[in-house]
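Note on naming: letters A, B, ... go to the chains in the order of the sequence lines (proteins, then strands), and numbering restarts at 1 for each one. These numbers come from the heavy atoms of this one structure, side chains and all, not from hydrogens, waters or symmetry mates.
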Amino acid sequence: MSKTKPEESNAAATSQITNNAAFEAKKGKKRKRKADTAAGAELAPSSPEKRQKSQQSHRNQQRKSNQEARPQALPSNGNGAPHLLRRRDELLKTRKALPIWPHADSIREALRKNNVMVLTGETGSGKSTQVPQFLTSEPWCTETIAITQPRRVAAISLARRVAEEMGSLFGKQSPAAKVGYSVRFDNACGPETKVKFLTEGMLLQEILRDPEMNQYSAVVVDEVHERSVNVDLILGFLRNLVSEIEKGGSKRKQPLKVVIMSATADVEGLVKFFDEGFGNGAERSKKETQDEIEDHTTKQNDLISTCFVEGRQYPVKTHYLPEPTMDWVESALKIIFKIHYKEPLPGDILVFLTGQDKIESLEKLINDYAEGMEKEMPKLLPLPLFAALPQYAQQRIFEPTPRHARKVILATNIAETSVTVPGVRFVIDCGKSKIKQFRSKLGLESLLAKPVSKSASIQRKGRAGREAPGQCYRLYTEPDYATLEERTKPEILRCDLVQAILTMKARGVNDVLNFPFLDRPPIEALKEALFQLLRLGALKADGTVSDIGLKMSKLPVTPKLGRIILEAGRPERDCLLDVIDIISALSSDDSIFFNIVTEEKKEQAEEARRNLYRREGDHMSFLTTVQQYAEEHSDRRAWCDRHFVSHRAMQNVMNIRKQLRQQCQTLKLLTPSDLTADVTSSPNSDAILASLLRGFISNTARLCPDGSYKTFLGNHTVAIHPSSVLHGRKVKAEAIVFSEFLYTNKAYAKKVSAVQMNWIEDAMEEAFDI
DNA sequence: GAGCACTGC
């Protein structure tokens, strides 16, 4: 796994660098920025008396005043072995060259005065690795610093890097390690952990356990511009908490410092957001706030500091098509060969496409045309990159480009944020990406190729200028660019809100309509989510969270799946272990029955999987598969090969299964002796399917006389997906329950089981009788 | 007869 190279690792970039992306994002906004003067000098006069609560911190300040003077004077803690310290000192040179380094003092100073800071740092500024280190020796920093990341790989690799820079051991190497991380399935923190990188989801779970976040002195929220649903929830909770502390309504002894970090921040929006939390929104005119922000790189109003750090980016020249194109796969092909003939090596090409099908057709075209190239021409090496691609194939993009060759990476938007591709000097951008859209009225999500936003196309273009000046070819016209949306709609405005609302309710936010959302979802979407939670029994009639809802919020699965687990745990169902096996298979990222390309393999696979498939449908087939795999103790990989089952997926399933079993034990749904049992002799499929129905009541359909299926709620036609074991059955079930709904060319029900009509009626009755 | 990307005590 070497995805997501932390942005700081290309720290050794050179001097003359303009920041195109930053410029493009901000032009038209008339932002004046001072040239990089000595940091700290730019701090505006503040009103410290307003928020000084620092008797205690004053004591600490005296105690630690030696350390805070120089950032490099880190305490050589107990685990400071000579080789670690040597490495730390080596790295210090690189750290000092980072654009954020000169801002260290002003950041520290601002946070001593104010509890909240909004820090904008472009890619490569070093903010993710340096900011936590700037703060560890601060007088107020008696506890841990948390720093959130949207992705696991980023959390882990940043933690490793920061440990090195601090000359500390890391994670589980030693209980004395100062730097740790916490991601799903892997908590590597010790009693001495001072800097803790964690995924947003992990922090949310911690907030449910400890709403006041007493284990932290500071929470740094990184990559806020990606605007995941989780980050929006974290920001809302943090705003409530800091204003609570401010008003003296919290039991916390120490202040909580909050640093919001973003690459392309809407600084005004974030400052306003927290300002309103302090009750200042009404009094402060918008103009006043903007003027303050525009005049300085590090600034503060009464309560919130802001800081702008220049990034590292080479200029990228943009080319547009003169005319719009109908077939951008073909246009991309032409440009690839134009670049290849015209531009010298080295210089790999990164092509952004919408999905696997386009990637594979372009790959084939490149290979076909490359055959006609003159023998002395450098080779073209097309490399596909999308999430569903097996790990080893993804790794190929990190291998050095062979001599006398040019890599052409054909990627989905995975290359926009999650994977940094080295060596790229040319970007070709089709201008589209597939995005998930939730239509709350229909209660379904769809996946369609839509034009990207300006900010996404700037992000894509920036990928050409990481190592040298680059070029970006946009497969649309310049007037078309002007029509693009300014920024990508935050996820919270286009997704199913059930999970988010449940988290809020479990945290004790009862009035979700007045929760501080950075972007408020439409009221219908909120109401629909509340209604669904009522149907699932997660809320009581008065809208507060029920005992069931509280348990659901603590299970690492979607609310529907959580409800199914709780249903299966009821004595009259008594099928919890079996249902956990099924839920584990359902919530694994990749499917356990992988796709097979060639016809003859397909027949072999059908044959090999025959004793895993069950007539009841996909869910019982998953159960059989998980159980047989779990019973296989000698060679599980061989078992997978024999049955055409994905070994990687099964390892993932077993991880989830273990976690769910543990969690169910904590919630007193299972006893320790339940866990030692490997397998139930004969699963009760009626009880299992009835449990599934309790969560998937809106995912049911009945057979119509014309042979099609129509959903019970909403009466939409759905077709059984070709990947289902029930697809193409001659004798069709009178009703189905499905755990996935997919709208592509038409509406598909995926992962389907046959059920009886009267079971659905029973489940309906229970769901609506509230 | 088909597959954007992330993520959870």
As a test of reading the structure: which of [options] is closest to the side chain of [X], going by heavy atoms?
X: A/Ile414; options: B/dA2, B/dG8, B/dA5; answer: B/dA5
X: A/Leu742; options: B/dG1, B/dG3, B/dG8; answer: B/dG3
X: A/Glu491; options: B/dA5, B/dG3, B/dG8; answer: B/dA5
X: A/Asn413; options: B/dG3, B/dT7, B/dA5; answer: B/dA5
X: A/Gln356; options: B/dC4, B/dA5, B/dG8; answer: B/dC4

Distance check needed: [N] [atom2] versus [X] [atom1], whole Å only.
X: A/Met552; N: B/dG8; atom1: CE; atom2: P; answer: 19 Å
X: A/Ile234; N: B/dC6; atom1: CD1; atom2: C1'; answer: 14 Å
X: A/Asn230; N: B/dC6; atom1: CG; atom2: C1'; answer: 9 Å
X: A/Lys560; N: B/dG8; atom1: NZ; atom2: P; answer: 21 Å
X: A/Arg151; N: B/dC6; atom1: CZ; atom2: P; answer: 8 Å
X: A/Arg494; N: B/dA5; atom1: CZ; atom2: P; answer: 14 Å
X: A/Leu385; N: B/dA5; atom1: CG; atom2: P; answer: 9 Å
X: A/Asp186; N: B/dG8; atom1: CG; atom2: C1'; answer: 14 Å

Over all strands shown, is [X] touching base, sugar-phosphate only, or nothing at heavy-atom distances under 4.0 angstrom?
X: A/Val229; result: nothing
X: A/Leu555; result: base
X: A/Ser587; result: nothing
X: A/Ser228; result: nothing

Contacts of type side chain to side chain contact (heavy atoms under 4.5 Å, CB included), residue A/Ala529, not counting sequence neighbours: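 Counting only residues at least two positions away or on another chain, A/Ala529 forms a side chain to side chain contact (heavy atoms under 4.5 Å, CB included) with A/Leu497, A/Val498, A/Ile501.
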
Distance-only donor-acceptor test, A/Gln659 side-chain atoms vs B/dG8 base atoms, 3.5 Å: no

Please enumerate all residues that pass ring-ring contact (aromatic ring centres under 6.0 Å, His included) together with A/Phe197, with sequence neighbours excluded. none

For B/dA5 and A/Thr412 - does any side-chain N or O of the residue sit under 4.0 Å from the phosphate oxygens OP1/OP2? yes

Between B/dC4 and A/Thr354, is there an OP1 or OP2 to side-chain N/O distance shorter than 4.0 Å? no

Aromatic rings A/Phe515 and A/Phe517: how do their planes relate, parallel, tilted or perpendicular, breaks at 30° and 60°?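 Rings of A/Phe515 and A/Phe517: perpendicular, as their planes differ by over 60°.
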
Answer yes or no on whether A/Arg460 is positioned over the face of A/Phe352, meaning its NZ or CZ is under 6.0 Å from the six-membered ring centre and within 45° of the axis. yes

Within 45 degrees of the axis of the six-membered ring of A/Phe594 and under 6.0 Å from its centre: does A/Arg609 put its NZ or CZ there?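 Because its charged atom sits under 6.0 Å from the ring centre and within 45° of the axis, A/Arg609 does stack over A/Phe594.
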
